[in-house]
2 protein chains.
Amino acid sequence: MTATIRDVAKLAEVSIATVSRVLNSKGYVGLETKKKIEEAIKLLNYEPNEVARSLTVKKTKTVALFVPDITNPFFSTLAKGAEDYANSKGFTLILCNYEKMGGRKKLYVDLLKQKYVDGIIFAAGALNPEDALKIRQSKIPMVVLDRVPEMEIECEILVDNYEGAKKAVKHLVEIGCKKIAHIYGPQEISTARQRLRAYEDAVKNLPWYTPSLLAPGNFSIEGGMEATKKLLHDHPDLDAIFAGNDMNAIGALKVLYRKGIRVPEKVAVCGFDGIKLTEITTPEITTVVQPTYEIGKLAAENLIHYIEHSFFREKLIKLDATLVVRESTQKLERNDET
Amino acid sequence: MTATIRDVAKLAEVSIATVSRVLNSKGYVGLETKKKIEEAIKLLNYEPNEVARSLTVKKTKTVALFVPDITNPFFSTLAKGAEDYANSKGFTLILCNYEKMGGRKKLYVDLLKQKYVDGIIFAAGALNPEDALKIRQSKIPMVVLDRVPEMEIECEILVDNYEGAKKAVKHLVEIGCKKIAHIYGPQEISTARQRLRAYEDAVKNLPWYTPSLLAPGNFSIEGGMEATKKLLHDHPDLDAIFAGNDMNAIGALKVLYRKGIRVPEKVAVCGFDGIKLTEITTPEITTVVQPTYEIGKLAAENLIHYIEHSFFREKLIKLDATLVVRESTQKLERNDET
DNA sequence: CTGAAAGCGCTTACAG
DNA sequence: CTGAAAGCGCTTACAG
């Protein structure tokens with residue numbers, strides 16, 4: 001049916017070992033024989049069988065990406081960054097959603113190991129220590145886009161969530177907000193913890209601060225809506241919401257709009273992540289932008305570098321998040337005209 | 001290192017052939033021997049090597065999903081539907097973005113073939129006849145979520161875009177719109193063509209209709225913005241926009257808002273697809289909802305059924321799109337109170 | 001019911 | 001510079 005290396009060898013009148021050498025440009029091959037072999041390859045339209053190759057070299061040029069939910073724009077752009085790079089290197093990317101996967105997660109990793117997946121990228125999210133350990137034991141190289149407590153990771157890519165969040169809260173203070181609430185994300189996720197901590201550090205000594213200005217938003221639109229309702233109920237006079245992520249901010253915006261509370265005049269809103277959606281809402285949302293596509297790309301880049309050279313180029317990559325001010329916090333500042 | 005079938009055989013004091021039989025629950029195996037083997041497997045923590053297995057059975061329990069852009073919410077929820085199902089069947093899903101892939105597309109398919117990918121799902125988008133043919137020649141089974149001109153596809157999943165679009169335009173007419181523009185999508189995509197045709201059929205005999213009420217929007221937010229600007233320029237009196245997809249509608253909304261044109265009072269807006277975003281904008285967008293997650297799931301389901309049984313359960317699956325009326329077209333109807 | 005042997009399509013020392 | 005042979009870890013007829 002499809003040609004094999006044996007067919008090529010026969011046609012070129014050489015051994016399969018020699019064909020293999022030219023295929024992998026490895027070891028010496030006479031110029032003449034090389035020509036003959038290349039012709040045969042062309043003639044037969046031969047393409048090496050990657051599965052057979054994988055069986056002997058134990059590599060598949062395949063990496064897996066675990067995300068909590070590909071449906072979240074943050075993760076889909078991350079995925080795109082990773083996939084684009086992987087593809088450019090001849091790698092193939094396996095998508096794994098692990099939200100509420102429960103026991104499946106272990107199985108998934110086992111399956112990947114059985115398939116000789118070369119490496120795994122683990123995006124931020126509930127990678128708890130146990131899971132991490134399990135994956136670690138599988139010996140599959142991984143890069144992690146989140147801090148995993150009490151565990152040495154070979155390669156992490158970390159965005160400075162703390163500083164990013166601090167910038168956001170400071171900004172809100174600077175524009176004159178006097179009662180800033182925070183919708184926090186799942187506390188098993190380190191980024192959510194950092195953002196919360198930055199908020200607390202920034203406001204704990206301010207006169208108006210009270211812990212009831214905190215509400216959980218589960219990093220989702222719905223969660224953001226619930227949290228906002230609760231916050232407004234407890235603090236009708238709040239004048240700003242620092243949302244744990246953009247989805248929360250969008251939820252907040254929605255509730256505020258429904259209640260007829262004007263943004264930013266009455267309540268300013270700031271998000272985190274910098275997903276594209278924040279540019280299309282009305283008003284557009286001020287947010288702390290992460291280099292999301294870049295993160296995905298870097299993750300793939302470092303992982304593939306490891307796969308090909310057996311060492312990580314960088315052990316820890318730190319990136320900054322930058323505050324992008326938009327309409328949702330244009331409260332007191334007015335520089336429309338000069 | 002890791003245990004192989006040989007280790008299991010040795011420990012259980014049988015041949016590897018017998019181990020293979022219990023592994024695949026295929027062929028007769030004595031109860032006693034089976035027990036012994038199962039114990040050995042447990043003891044050694046043995047897990048079969050899928051790559052070796054693939055080499056002989058020529059199947060990998062892997063499917064690929066081609067999408068133009070995973071970053072578009074429509075495709076990410078489609079991907080989730082496909083991945084969830086694939087995973088539930090022990091399959092693994094490879095993500096392929098093919099937007100502007102150019103020559104890469106062929107290579108990608110070749111690569112997948114070399115890797116023994118069992119099947120491909122091709123989402124709507126620029127699957128032009130040439131590409132389709134190339135893929136077809138690869139003999140990899142595929143399900144296509146789009147109409148491919150002049151080509152027999154083994155399994156297609158089609159949403160009735162024509163009827164869906166018709167419902168949308170009729171709705172706009174019914175609420176009293178007298179000058180309805182349409183932002184159309186890339187005409188190499190059949191769904192875009194169908195939506196355009198439905199619009200034309202619905203309005204071509206109405207007195208106000210003129211072809212300049214059409215503008216291309218490229219199915220993107222930016223494209224929707226451009227188109228809207230152009231339409232407003234040419235027709236300051238237009239009172240409704242039927243956008244080719246939700247991204248276009250979001251773009252339209254944005255431009256209208258910036259220009260201070262109220263939606264829906266002055267201009268009604270209707271989208272297509274039913275991505276989640278349409279629920280979070282202000283106003284919420286009326287749209288023609290496709291069963292997106294379901295489409296992804298059905299695609300995976302039919303493809304995997306084919307892979308496992310060598311025939312497609314259904315050759316053609318037709319689904320309906322339903323109009324969901326929301327704020328952006330609440331122009332004349334008012335049923336807040338009874 | 002079970003085993004020996006061939007084979008899937010490659011790569012990799014090892015000789016020469 | 002090139003080839004014969006072993007091996008990667010399975011499955012699958014074929015005997016028995």
Side-chain angles (χ1 to χ4, degrees), chain A residues 1-38 40-41 44-62 90 110-118 308, chain B residues 1-38 40-41 44-62 90 110-118 308:
Chain A
M1 189 70 222
T2 30
T4 75
I5 197 175
R6 212 166 299 275
D7 300 323
V8 176
K10 200 173 297 172
L11 185 59
E13 298 175 301
V14 296
S15 75
I16 60 170
T18 310
V19 177
S20 176
R21 278 185 206 103
V22 346
L23 248 30
N24 301 290
S25 346
K26 173 188 264 180
Y28 300 86
V29 179
L31 207 66
E32 284 300 293
T33 31
K34 188 173 172 192
K35 281 241 167 69
K36 269 199 307 188
I37 291 170
E38 276 165 351
I41 288 175
L44 293 171
N45 222 295
Y46 169 73
E47 274 163 354
N49 178 324
E50 283 298 327
V51 176
R53 180 161 209 289
S54 295
L55 182 58
T56 103
V57 303
K58 288 174 179 354
K59 289 193 179 179
T60 53
K61 275 177 172 270
T62 304
D110 286 345
L111 181 61
L112 295 182
K113 188 180 184 187
Q114 293 174 249
K115 288 192 173 184
Y116 280 169
V117 162
D118 296 332
E308 294 182 334
Chain B
M1 185 76 220
T2 30
T4 76
I5 197 174
R6 211 165 299 274
D7 300 322
V8 176
K10 200 172 297 171
L11 185 59
E13 300 176 301
V14 296
S15 75
I16 61 169
T18 310
V19 177
S20 176
R21 278 184 205 104
V22 345
L23 247 31
N24 302 290
S25 347
K26 173 189 264 180
Y28 300 85
V29 178
L31 207 66
E32 286 299 292
T33 32
K34 187 172 173 191
K35 281 242 168 68
K36 269 197 308 187
I37 291 170
E38 277 164 351
I41 288 175
L44 293 170
N45 223 294
Y46 168 73
E47 275 163 353
N49 178 324
E50 283 299 326
V51 176
R53 180 162 209 285
S54 295
L55 184 58
T56 103
V57 303
K58 289 172 178 354
K59 288 194 178 178
T60 52
K61 276 179 172 268
T62 304
D110 285 345
L111 181 61
L112 295 181
K113 189 180 185 188
Q114 292 174 252
K115 287 193 174 184
Y116 281 170
V117 161
D118 297 332
E308 294 183 334

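Proteins come first, then strands; the chains are lettered A, B, ... in the order of their sequence lines, and each starts at number 1.
- Within 4.0 Å (heavy atoms only), B/Val14 reaches sugar-phosphate atoms of the nucleic acid but no base atom.
- Of the residues in residues 18-25 of chain A, those with a non-hydrogen atom less than 4.0 angstrom from any atom of DNA chain D are A/Thr18, A/Arg21.
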* To do: Determine, stepwise, if the pair B/Val8 / B/Leu11 fulfils side chain to side chain contact (heavy atoms under 4.5 Å, CB included).
  => CA-CA 5 Å; B/Val8 176; B/Leu11 185 59; 5.9 Å; no

Indicate every side-chain donor-acceptor pair of residues 21-31 of chain A with a distance under 3.5 Å to a residue at least two apart or in another chain.
| from | atom 1 | to | atom 2 | distance (Å) |
| --- | --- | --- | --- | --- |
| A/Asn24 | OD1 | A/Arg53 | NH2 | 3.0 |
| A/Asn24 | ND2 | A/Ser20 | O | 2.8 |
| A/Asn24 | ND2 | A/Ser20 | OG | 3.4 |

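- For the pair B/Val51 and B/Ser54, the minimum side-chain heavy-atom distance is 4.5 Å or more.
- Taking 4.0 Å as the cutoff to heavy atoms of chain B, we find the contact window on DNA chain C bounded by C/dC1 to C/dG9.
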* From CA spacing to verdict: side chain to side chain contact (heavy atoms under 4.5 Å, CB included), B/Asp110, A/Glu47 -> CA-CA 8 Å; B/Asp110 285 345; A/Glu47 274 163 354; 3.6 Å; yes

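- No side-chain donor from either of B/Lys113 and A/Thr2 sits under 3.5 Å from a side-chain acceptor of the other.
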* Structure fact -> Given Watson-Crick and G-U pairs under 3.5 Å, DNA chain D in dot-bracket ([ ] crossing, | other strand) is |||.||||||||.|||

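- A/Thr62 and B/Lys115 share a donor-acceptor pair across their side chains, judged by distance under 3.5 Å alone.
- A donor-acceptor contact shorter than 3.5 Å is absent between the side chain of B/Asp118 and the backbone of B/Lys59.
- Toward the 5' end of DNA chain D, the nearer of the two residues B/Ala17 and B/Val51, judged by each one's closest nucleotide, is B/Val51.
- Nearest heavy-atom pair across A/Thr60 and A/Val117 is OG1-CA, 3.8 Å.
- Applying the side chain to side chain donor-acceptor pair (under 3.5 Å) test to A/Asn49 and every residue at least two apart in sequence or in another chain returns B/Tyr116.
- For B/Thr56 and B/Glu13, each mapped to the nucleotide of DNA chain C holding its nearest heavy atom, the one lying further toward the 5' end belongs to B/Glu13.
- Using a 4.0 Å cut-off on heavy atoms, none of the residues of residues 29-38 of chain B approach DNA chain D.
- To the nearest 0.5 Å, the span separating CD1 on A/Ile16 from CD1 on A/Ile37 amounts to 11.5 Å.
- Taking each heavy atom of A/Leu111 and B/Gly90 in turn, the nearest pair found is CD2-O, 3.7 Å.
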